[in-house]
There are 2 protein chains.
Amino acid sequence: MAGVLRKASKTGAANATTADLVAVLVAVTDGEPKIMTIANAGALPSGPFEFAHRSLQTGLRAWVEAQTGHPLGYVEQLYTFADRGRAGDAKSPHSISISYLGLTREDQVGQGFEAHWSGWYEYFPWEDQRSGLPAAPAKTLASRLRAWSKSAATASLQRERWQRVAITFGLDDREWNEELVLQRYELLYEAGLIPEAVRDGADATAVIPGRQMTGDHRRILATGIARLRAKIKYRPVVFELMPAEFTLLQLQRSVEALAGRLVHKQNFRRLIEQQQLVEETGAIAADTVGRPAKLFRFRHGVLAERAVVGTKLPLSRT
Amino acid sequence: MAGVLRKASKTGAANATTADLVAVLVAVTDGEPKIMTIANAGALPSGPFEFAHRSLQTGLRAWVEAQTGHPLGYVEQLYTFADRGRAGDAKSPHSISISYLGLTREDQVGQGFEAHWSGWYEYFPWEDQRSGLPAAPAKTLASRLRAWSKSAATASLQRERWQRVAITFGLDDREWNEELVLQRYELLYEAGLIPEAVRDGADATAVIPGRQMTGDHRRILATGIARLRAKIKYRPVVFELMPAEFTLLQLQRSVEALAGRLVHKQNFRRLIEQQQLVEETGAIAADTVGRPAKLFRFRHGVLAERAVVGTKLPLSRT
DNA sequence: TCGGTTATGCTCAGGATAAGTATAAGCCAA
DNA sequence: TTGGCTTATACTTATCCTGAGCATAACCGA
């Protein structure tokens, strides 16, 4: 039976799709997370998966290098989206986007490329929670979201909406969870507070600050940020973004920049040291205000030594 | 410049690809994890992403229901692969597989379907570490891997290989890490110990036990198992696999079945209870040997109450 | 009633975490 | 040259989490 179904589908025309490869390429410079953009900071590096590409990753590398002149280092796959938006357009062939997260250090973008490093908080201002409480913008965001909740049909739907808002945005005494980047973006999209949503046909209500991107690119970026924020907690990926030598404060600032929140200095150091992620180079940081800090380097050995951190299961020894 | 590149690629012919949707559909019955298979237990439910499908997920649902008669419940995306194997065949259009993980309860497979529930450890015997030390098979596996390490060209390559083996398989006093399912499969593939690798052109050395699958399907299954083993630790997804009411021991057995290892009973209960994942139904399990156990049900409230568990960052309160 | 079996409650030591306090070591300007 | 500013680094304390095991309860069948 399965065979029959399979055959039927093969004969049905028009299974052809086009697959786009999209890169979220991240660097951190001076405590600010940056992403590589093209098209006047309105798109991520991307291009179709082609015949000549030996694999998805090589295709991606080819496109990024061609468009930005920047080689790709550490790469991992993010997610595969089918295009939403243009929903009525049922005639066009399907197009899917296979997205990747890449980590590097910032480099000068070569001449002749339309590429820029753009700060990622330009696209997601609400994701930067480092500066305590940015009173005014947060207030308006919250009130827009509350208005959206209230606009639901029934009282129970209104409660449901507000609970979602409160959880994803850490309102009503809930904790802010920095990993919910994508959920926040999706919710704002659903609430019509994002230009992309209006473009895709939502009601044009008020729109909140934050630069937009073509197609699904801002959603893909949100996915990348979420993944990276989750990952720095259990794999030593920050080091892909650091220079060869750095002080512990620089490392802390990078982590804070990515996570969008501040961490406790002394405890951060203890965490790093007890995990033996770094070793002293012997050198001391120059030209700094305050007491000079020791320079450290990443201990590459840990990649081999430890596979992953951890278990939450109460394993039994016997 | 990017525009120029983009245009050049558009004019280049043959960007057409076909995208297959593949499902790893899991259930747990009597403490054994099962997966839905078709084609005489040699393939996962799958079919091409078609024109008529409104989204990737609806396409997947359509295929799984058509091939197995089983509706799809909880679903999440796993990974997107481009086909490897058939490397020399550069003429054929690219084909990519977008894979999903689905969780349900086992059901009778309807008449007229070629579908079966198959135990997942049939495909990965080495992943079941519940029964203490299965002495003989583990011994031969280890010796095969050691032989592969020794077959490297230089002494340093040999050491590298053995270190990889020891880490992924928990040898040399290292801990077994149940999440490294994919890494173990990839390593065995690389070592030519897997029929699929031989089929794809590796040297035909000895092959180890474990049923094979068509194409990349066993690799996709490994990806699914790994994802599920990781996820049960931080999201309450086991409950998708449990009946409405269950005893804590049944819950524990399910977790053990998925993780492939035994857990400490008392501590497991403490973990479940302190997280308030379940509540008593008031009823008591019948027809059991030993003291009868209380029945519990999953508290659906937790999904709304708590967003995610956790932080490893030493966050600062101020 | 005793031994087998599972359920459930409780303890205890060690380690990890959150949140500080205290001190050191530079610079700079009065 | 000294006091004040800044950052680095060491140490403390209370609390919580985890791994491991002991003890007891409740059922069954011989």
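In what follows, chains carry the letters A, B, and so on, assigned in the order in which the sequence lines appear, proteins first and then strands, with residues in each chain numbered from 1. All values below come from the heavy atoms of this structure, side chains included, with hydrogens, waters and symmetry mates left out.
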What's touching nucleotides 12-18 of chain D from the protein side, N or O pairs under 3.5 Å?
residue: D/dT18; atom: OP1; partner: A/Lys312; partner atom: NZ; Å: 3.2

Quick test of your reading: applying ring-ring contact (aromatic ring centres under 6.0 Å, His included), list the pairs with at least one residue in residues 249-286 of chain A, sequence neighbours left out, ordered by first then second residue.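 Qualifying pairs: none.
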Taking CD from B/Glu273 and P from C/dG9, how many angstroms apart are they, rounded to a whole number?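 Value for this atom pair: 7 Å.
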Rounded interatomic separation in angstrom, taking NZ from B/Lys265 and C1' from D/dC22: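 Distance check: B/Lys265 NZ to D/dC22 C1' gives 15 Å.
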Carboxylate-amine/guanidinium contact B/Glu186 B/Arg219, below 4.0 Å: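 Yes, this pair counts.
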DNA chain C contacts among residues 279-286 of chain B, heavy-atom distance under 4.0 Å: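 Going residue by residue through residues 279-286 of chain B, none turns out to have a heavy atom under 4.0 Å of DNA chain C.
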Name the atoms and distances for all side-chain donor-acceptor pairs under 3.5 Å in residues 27-37 of chain A, with sequence neighbours left out.
residue: A/Thr29; atom: OG1; partner: A/Glu106; partner atom: OE1; Å: 2.2
residue: A/Glu32; atom: OE1; partner: A/Arg130; partner atom: NH2; Å: 3.4
residue: A/Glu32; atom: OE2; partner: A/Arg130; partner atom: NH2; Å: 2.9
residue: A/Thr37; atom: OG1; partner: A/His116; partner atom: O; Å: 3.2
residue: A/Thr37; atom: OG1; partner: A/Ser118; partner atom: OG; Å: 2.9

Side-chain donor or acceptor of B/Arg184 paired with backbone N/O of B/Phe169 under 3.5 Å: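 Not at all, since once roles are kept as given, no pair shorter than 3.5 Å links the two residues.
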4.5 Å side-chain heavy-atom contact, B/His70 and B/Trp117: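 They are in contact (side-chain heavy atoms under 4.5 Å apart), so the answer is yes.
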For a quick check of understanding: with a heavy-atom distance under 4.0 Å over all strands, which category does B/Leu249 fall into, base, sugar-phosphate or nothing?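 Contact class for B/Leu249: sugar-phosphate only.
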I need a per-nucleotide contact map over nucleotides 24-30 of chain C, read 5' to 3'. Cutoff is protein heavy atoms under 4.0 Å; write B for the base, S for backbone only, - otherwise. BBB----
Heavy atoms within less than 4.0 Å of DNA chain D: which residues of residues 250-257 of chain B have one? Give them sorted by number.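 Listed by number, there are none.
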Assign the ring pair B/Tyr185 / B/Phe124 to parallel, tilted or perpendicular, where the plane angle (0 to 90°) is split at 30° and 60°.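 Aromatic pair B/Tyr185/B/Phe124 classed perpendicular.
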